[in-house]
Amino acid sequence: MINKIDETRKSFDEDLSKVDSFASLEELRIKYLSRKGLVSQLFESLKDVSKEDKPKVGQSLNQLKIHTQSKFDEMKETFENNENKSESFVDLSLPGRIRPIGSKHILTQTLDEIKNIFKGLGFSVYEGPELESDYNNFEALNFAPDHPARDMQDTFFVTEDFLLRTHTSPVQVRLMTEKKPPLRAIMPGKVFRNEAISAKSYCLFHQVEGLYVDTDVTFAELKGTLVAFAKQFYGQDVQYRFRASFFPFTEPSAEMDVWWQPKGKEGRWLEVLGCGMVDPNVLKNVGIDPEKYVGYAFGMGVERTAMLKYGIGDIRILFDNDKRFLTQF
Amino acid sequence: MKISLNWLNDYINLKDISLEDILDKLTYAGLEVEEVEDQAKNYANMIVGFVVEAKKHPNADKLSLCKVSDGKEEFNVVCGAPNVATGQKVVFAKVGSIIPNGKFKLEKAKIRGEVSFGMLCSERELNISDNHDGIMVLNPSLKEGTPIAEALEMNDVVLEIAITPNRADALSHIGIARDLSALFNLPLKYPEIKLNESGKKSNELASVDIVDAENCPRYVGKVVTNVAIKESPDWLKKKIKSIGSRPINNVVDVTNFILHEVGQPLHAFDLDKLNGKKIIVRSAGNDTKFTTLDSKERNLQSKDLMICDAKRAVAIAGVMGGENSEVTESTKNILIESAFFNPSSVRKTAKNLGLSTDASYRFERGTDPNITLWAVKRAAQLIQETAGGEISFGEIDEYPKPIIKRSTKLRFSRLDQILGYHIENREVENILLSLGFEINDNSKDELNVNIPSYRHDVEREIDLIEEVARIYGYNKIPEVSKISVTLEEKVDHSAFDDKVRVVLNSLGFYEIITNSLLSEESANRFGKPIHVMNPQSSEMSHLRPSLLPGMLTTISNNLKVNEKDLQLFEIGKVFEQLSETKIKSFDDFKENEQLLLIATGNFLRTEWFEKDRAFDIHDMKGLVSSFLNNLLPGVTIADNYSENDFAFLDYAFEIVANGKNLGNCGKLKKEICSLFDINQDVFLFQTNLNEIKQIPIPKKAFKDLLKFPKVYRDCAFVLDSNIRSDEVSEVIKENGSNLLHNVKLFDIFQSESLGSGKKSLAYQLEYYDPSKTLTEEEIEKVFSKTVKSVEQKFNAQLRGA
C-alpha cells in the first residue's frame with residue numbers, strides 16, 4: 001500500500017510536469033483528484049488495510065492528498081494568471097455597447113442658458129398661458145384699442161377678446177396682479193405672430209421676458225443687469241449699445257444691440273433685446289402705486305439668440321425636427 | 001420712411017456734421033436708420049475733365065484719342081463718341097470707377113494699340129437719361145477735378161428710417177430735422193411763407209360743413225384759381241424722386257411734397273367738379289361703394305368718414321381722394337384740403353378697406369391740428385410758383401372741436417429716481433426747449449411744460465423723462481456695477497419640465513418642438529379644437545388639441561430622409577374648447593401641458609454583439625416605467641389592463657398613480673399611421689403634465705441596510721398560455737408571507753413538449769427577514785405554500801417536480 005502511494009505520487013509529479021494547457025490540467029484533475037480519481041481510489045482501499053498499519057498508511061495518504069491538491073492549485077493559478085495576460089486576445093478597438101442618450105431641443109438648451117444666468121442674478125421663473133385675453137396681452141400693458149402700436153405685433157385672434165399671446169408680457173400682468181413687490185422674475189414661453197412663414201419668421205417663437213419691481217429700481221440698474229447678462233452669454237468682451245425705442249408697456253424704452261462679427265464677413269450691430277422702465281400705466285393697471293414703486297422689464301427672442309449663436313440661417317429648420325438636426329446639439 | 005439729407009438741409013444746417021454722426025445720433029435717439037443710400041458713391045472716381053486735345057485714333061476711324069486733364073495731370077483716353085472735341089468739359093470716369101449703367105469696373109485698357117486711362121461718359125452711362133448719342137458735355141464754368149456727384153448735384157444721401165408708432169411727429173423732414181436740432185443743438189428753420197393773394201375770398205368760392213366733428217375736429221381749405229396743370233419743375237421732381245415717389249403733376253407733387261416736408265397730408269380737389277362748391281364731412285351712411293382715384297371700387301362701411309360735396313362722396317377722409325373730383329390736366333380751379341381727422345377713425349377705415357396710404361399712415365398716428373393752416377398756405381404758395389394762378393384771400397377754417405393745449409410737470413427728483421443718474425437741470429431744460437416744448441414755469445424742483453400739438457405721444461411726466469433721456473443719450477447714462485438681491489422665496493415654474501427633459505434624454509429621447517397650429521382636418525381628428533379667426537392659411541387654422549399630429553408629421557418627415565429609428569418627445573400646450581358657444585372667458589376652454597413620447601423603428605441596429613431588433617411594446621413599457629419611477633420617486637405606479645377602447649391605440653394600457661390615470665401607453669393603430677405615410681410600428685405614451693405635477697412625492701427617509709442574508713428560490717410553472725404573468729406574480733405575492741419581498745419573472749418558455757396552449761413562467765422569489773437569518777425550514781414552509789397556491793389557482797404544474 002505504501003508503495004502504491006509512492007508510485008501514485010511519482011506518476012502525479014511526472015504528469016504534472018507535462019501539463020501545458022487548461023485541457024491537460026483538467027485531465028490531470030480527473031485522473032487524480034476527481035471523485036473516482038486515483039487518490040480517491042486509494043482512500044477507498046484504505047478500508048482493506050490492517051488495523052495496525054492504518055494510522056501510518058492513512059497519514060501517508062493524507063500527505064499525498066495535500067501534495068496533489070496543492071500542486072494542482074498552484075498550477076491552476078499559474079495558468080489563470082497567464083491566460084489573463086496573453087492567452088486570449090481582447091480586441092479593445094471593438095465599439096463599446098452604446099446606449100443612446102437624447103438631447104434637449106436647441107431652443108430649450110439656449111433658454112436654459114439664459115435662465116441660468118438670470119437665476120444666478122436672483123430672478124425667479126414664472127410661466128403663463130398661451131391662449132390669453134386681449135386685456136392681459138394688450139390693454140393692461142398700455143396698448144390703447146385702435147392704436148397703431150397694435151400693428152407692431154400681428155395677432156392671431158380666437159375671438160374678439162381672446163388671442164394667442166404675442167409676447168410673454170401678459171405673464172407680467174398676472175404676476176404683478178397676484179403678488180406684491182419686490183418682484184424679480186423672468187418669464188419664458190411660446191408666443192405667436194400672424195406672419196407668413198419664411199426663412200426669417202415663423203408663426204410662433206419663444207421669448208424670455210424679465211421684470212423687476214421694487215422701490216429703488218433704476219434705468220442704470222437695468223443697463224447694468226443686461227450688460228452682465230450679455231457678457232455672460234456672448235462673452236466678456238462683447239460690444240454693446242443701447243438706443244431709444246418704443247414699447248407701449250415701458251417708458252423710457254430701449255433696445256440693446258451687440259456687435260456681431262461673423263468670420264470673414266462684415267460685422268454689424270444686431271438687436272438682441274428690448275427693454276425699458278415699466279410704464280406707470282401698467283403698474284396702475286395691476287394695482288401697484290407707481291409713485292412708490294419703479295420697475296424695469298426686458299424681453300428677448302430665443303430663436304434669434306440661438307440662430308445667432310449657432311449660425312443657423314433659416315428659422316424653419318428649428319421646427320422641422322429632422323433627426324440629423326436634433327442630434328447635432 | 002425715406003429722408004433725403006439734401007432736403008433736410010433746407011431746415012437745418014448739417015454741413016459741418018459727418019454722416020456717421022448723423023446716423024448714430026438718429027439711431028440712438030430712437031429714429032433707427034436701417035439703410036443709407038449714398039448717391040455720391042455711385043459716382044466715385046468720376047470727375048469733371050477738360051479735353052485738352054482730341055484727335056483721330058491712328059488705328060480706328062470711329063475712335064478719338066484724347067488728352068484729358070483733371071486739373072493736375074493729363075490722361076490718355078480713347079473715346080468713341082462722335083461729339084468729343086477739344087476744349088470741352090466732360091464727365092471723366094477714371095480707372096477704378098464703376099459705371100452706374102451696367103455696373104462694370106473700369107480698368108486700364110489697350111484699345112487698338114493705344115492705352116486708355118478711363119472713359120468719357122454719356123448720360124445713359126450715368127443713369128441720368130436714355131441719351132447715348134454722345135458724351136455729356138458739361139457747363140464750361142465747372143472746374144476740372146470737381147467730383148461729378150457735386151458738379152451734377154447728385155450727391156444726396158437718402159436714409160431709410162424706421163419710425164416707431166408713437167413718433168407721428170417724426171414722419172416728415174421737418175420732424176426729423178427737429179430731433180436733429182435737439183441732438184446737435186442747431187437751429188431749426190421753417191420755410192418762410194409769402195402769399196400773393198388776389199381776387200375773392202376762399203370762403204366765397206367754397207364752403208365747408210363738418211357734420212361729424214368727433215372724427216373731423218378741424219378742416220381747413222384754400223382756393224387757388226386759374227392754375228395750369230403741367231409737369232413739375234426740376235427741383236420739385238428731384239425732391240419727389242429722392243424719397244422714392246413718382247412725380248405726377250405740379251399740383252399733386254406740391255401736396256405730396258408738403259406731406260413729406262411737414263407731415264400734413266393735403267388733398268387737392270378740382271373745385272369745378274364739387275357740386276355746390278361745397279364740402280360736407282360726414283360718415284358714409286348708406287353709401288356702400290366709392291371709386292378712389294386709383295380707379296378701384298371700394299366697399300364702404302357706414303361709419304367710414306367721407307368727404308362729400310352737395311350730392312355725393314368725393315374722398316375717403318384721410319385715406320384717398322375720389323376719381324370723380326381729382327385734379328386732371330384740364331383742371332383750372334382747385335380747393336386744397338388740410339384737415340385734422342380723428343386717428344382711430346382713419347385707422348378703422350383704412351383697416352376695413354385694407355388700404356394704407358402715406359396720408360392714412362400719418363392721420364392714424366396723429367397729425368398736428370395746428371399745422372393745418374401753415375400747410376395750406378405753403379401749398380397755395382408753391383402751387384402758384386409751379387402752376388401759376390391766383391390765390392384767393394384767406395382760408396376756410398372749420399374748427400368745431402378745438403384741441404386743448406396740454407401741459408405737464410417734470411420733477412427733477414423723479415428724473416433722477418427713474419434714471420439712477422443726474423442730468424443737470426439746465427441741460428434738461430435745453431433738451432425740452434429744443435424739441436419744441438415750452439417751459440411756462442420753472443422752480444429748482446420742477447418744470448411746468450407745455451406740450452406742442454404735434455407730440456401726441458407726450459402727456460405725462462414719464463413721457464418727458466423719456467424725451468430727456470433719449471436726447472441726452474442712453475449710452476451716456478452709466479450702468480451700475482453691482483445689484484442687491486432680495487431674499488424672498490424664489491420660484492421656478494419650469495423646474496419640473498426640466499427634470500422631465502433630463503430623465504427622457506437619459507433614456508435616449510430627443511426633444512422636438514412642433515407648430516401649435518394645425519389644419520382643421522388634422523385638429524378635428526384628435527380632439528375638439530379651437531379655431532383661429534384670422535389664420536395665415538387653412539394649413540394653420542386650428543389650435544392643436546393634441547401633440548400627436550405634430551409628432552406624426554415629424555416621424556413622417558424623418559422617414560422621408562431615411563431616419564427610421566426614432567425616440568422623440570415633445571412638451572407643449574394643447575387646447576380644447578369646452579363650451580359649445582364662443583369663447584368668452586377662461587372657463588370656456590382648457591389649456592393643458594401635454595407630454596408625448598414615442599419610439600419607432602429599431603431599438604438596436606445590428607452591432608457586432610447583437611442582431612438588430614425593432615422596438616416593441618415591452619421596450620416602450622420599460623422606458624415609460626423607468627421614466628416615471630425616476631420622475632416620481634417613491635410613488636407607486638401601476639398598470640391597468642382594461643378592455644377599454646383606446647381611440648388611437650392597439651395593445652394599450654393605462655398607467656395609474658395614486659388612483660389617477662396618468663396616461664395611456666400603447667401601439668399606434670395602423671390606420672392612423674397610414675394617414676401620415678408611416679409604415680412602421682409607433683409606440684407611444686401620452687400624459688398630462690399638469691396632473692403629474694400635482695402628484696405628491698413622498699419625502700425620502702433613510703432605511704437601515706439589511707444585516708441578514710437574502711435567500712432566493714426559483715420556480716417555474718406550466719400553465720395555460722392565456723394567463724397573464726402579473727396575475728401569477730400577484731398570487732405569489734399574496735401567498736408569500738411577509739418573508740417574501742420580491743418576485744421577478746425571469747423566463748418565459750413555450751414549446752410543444754409542454755403541451756399545446758401551455759407555457760412555462762419562471763419566477764425568482766426573494767426572501768429575507770430584517771431581524772434574523774432565515775433557516776432552510778422557514779423558507780421551505782412558505783415557499784411550498786406559495787407553490788401550492790399557484791398550482792391550485794391556475795391549474796398549474798411546478799416544473800421539474
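In what follows, every chain begins at residue 1, and chains take the letters A, B, ... in the order their sequences are listed. This is a predicted model, so every value here is computed, not measured.
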*Asks:* Out of B:Glu467, B:Glu488, B:Glu364, B:Arg460, return the one with the most heavy atom pairs under 4.5 angstrom to chain A.
*Replies:*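 Heavy-atom pair counts peak at B:Arg460.
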*Asks:* Over all heavy atoms of both residues, which pair between A:Ala220 and B:Pro478 is shortest? Give the atoms and the distance, please.
*Replies:*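 Reported closest heavy-atom pair: CB-O, 3.4 Å.
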*Asks:* With no hydrogens and no angle check, is any side-chain donor or acceptor of B:Asn475 less than 3.5 Å from a backbone partner on A:Arg241?
*Replies:*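 No; zero donor-acceptor contacts below 3.5 Å.
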*Asks:* Of the backbone (N, CA, C, O) and the side chain (C-beta and beyond), which part of A:Phe162 lies under 4.5 Å from a heavy atom of chain B, both, or neither?
*Replies:*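 Contact with chain B is through the side chain of A:Phe162 alone.
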*Asks:* Counting heavy-atom pairs under 4.5 Å with chain B, which one of A:Val227, A:Ile186, A:Asn194 comes out on top?
*Replies:*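 Heavy-atom pairs under 4.5 Å are most numerous for A:Asn194.
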*Asks:* So for A:Asp257, is it side chain, backbone, both, or neither that comes closer than 4.5 Å to the heavy atoms of chain B?
*Replies:*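 Answer is neither: A:Asp257 stays 4.5 Å or more from chain B.
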*Asks:* Does the side chain of A:Val294 reach to within under 4.5 Å of the side chain of B:Ile418, using non-hydrogen atoms?
*Replies:*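 The answer is yes; the side chains approach within 4.5 Å.
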*Asks:* Mind ranking B:Asp498, B:Ile477, B:Val502, B:Ile462 by heavy-atom pairs under 4.5 Å with chain A and telling me who comes out on top?
*Replies:*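 Answer, by heavy-atom pair count under 4.5 Å with chain A: B:Ile462.
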*Asks:* What's the verdict on salt bridge (Lys or Arg N to Asp or Glu O under 4.0 Å) for A:Lys104 and B:Asp497, showing C-alpha distance, side-chain angles and the deciding distance?
*Replies:* CA-CA 11 Å; A:Lys104 291 181 183 179; B:Asp497 288 0; over 6 Å; no
*Asks:* So do B:Val491 and A:Lys179 actually touch side chain to side chain, heavy atoms under 4.5 Å?
*Replies:*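 Touching, per the 4.5 Å side-chain cut-off.
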*Asks:* Taking the side chain as every heavy atom from C-beta outward, state whether A:Met277 and B:Ile465 have any pair of such atoms under 4.5 Å apart.
*Replies:*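 No, side chains not in contact.
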*Asks:* Do other residues, nucleotides or ligands put more than 12 heavy atoms under 6.0 Å from A:Arg268 CZ?
*Replies:*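 Atom CZ in A:Arg268 is not packed in, count stays at 12 or less.
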*Asks:* Do the non-hydrogen side-chain atoms of A:Lys223 and B:Tyr421 ever get within less than 4.5 Å of each other?
*Replies:*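 No, too far: nothing below the 4.5 Å cut-off.
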*Asks:* Just do the salt bridge (Lys or Arg N to Asp or Glu O under 4.0 Å) check on A:Lys115 and B:Asp492 with the steps written out, would you?
*Replies:* CA-CA 10 Å; A:Lys115 251 177 8 190; B:Asp492 187 351; 5.1 Å; no
*Asks:* Report yes or no: is the cationic atom of B:Arg470 (NZ for Lys, CZ for Arg) under 6.0 Å from the centre of the six-membered ring of A:Phe242, at an angle within 45° of the ring normal?
*Replies:*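 No, B:Arg470 and A:Phe242 do not form such a contact.
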*Asks:* Does the salt bridge (Lys or Arg N to Asp or Glu O under 4.0 Å) test come out yes or no for B:Lys582 and A:Glu160, once each step is laid out?
*Replies:* CA-CA 10 Å; B:Lys582 218 165 82 167; A:Glu160 283 79 12; 3.0 Å; yes
*Asks:* Taking the side chain as every heavy atom from C-beta outward, state whether A:Tyr202 and B:Asn515 have any atom pair closer than 4.5 Å.
*Replies:*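 They are in side-chain contact.
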*Asks:* Would A:Arg174 count as a cation-pi partner of B:Phe586, with NZ or CZ less than 6.0 Å from the six-membered ring centre and within 45° of the ring normal?
*Replies:*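 Yes, a cation-pi geometry holds between A:Arg174 and B:Phe586.
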*Asks:* Applying salt bridge (Lys or Arg N to Asp or Glu O under 4.0 Å), run through B:Arg411 and A:Glu291 and close with a yes or a no.
*Replies:* CA-CA 12 Å; B:Arg411 292 165 293 170; A:Glu291 277 296 311; 2.9 Å; yes
*Asks:* Could you please spell out the steps behind the side chain to side chain donor-acceptor pair (under 3.5 Å) verdict for B:Glu511 and A:Thr108?
*Replies:* CA-CA 9 Å; B:Glu511 185 185 15; A:Thr108 310; 2.7 Å; yes
*Asks:* Between B:Glu32 and chain A, with a heavy-atom cut-off of 4.5 Å, which part of the residue counts as in contact: side chain, backbone, both or neither?
*Replies:*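 For B:Glu32, side-chain heavy atoms alone lie under 4.5 Å from chain A.
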*Asks:* side-chain contact (heavy atoms from CB on, under 4.5 Å) between B:Leu543 and A:Glu130: does it pass, once the steps are laid out?
*Replies:* CA-CA 11 Å; B:Leu543 278 171; A:Glu130 292 172 12; over 6 Å; no
*Asks:* Determine the minimum heavy-atom distance between B:Val480 and A:Glu221, stating which atoms define it.
*Replies:*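 That would be CG2-CA, 3.5 Å.
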*Asks:* Any idea which of A:Thr218, A:Asp154, A:Asp216, A:Asn321 has the most non-hydrogen atom pairs under 4.5 angstrom with chain B?
*Replies:*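 Ranked by contacts with chain B, first place is A:Asn321.
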*Asks:* Cationic tip of A:Arg97 within the cone over B:Phe609's six-membered ring, i.e. under 6.0 Å and within 45° of the normal?
*Replies:*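 Judged by the rule, A:Arg97 and B:Phe609 form a cation-pi pair.
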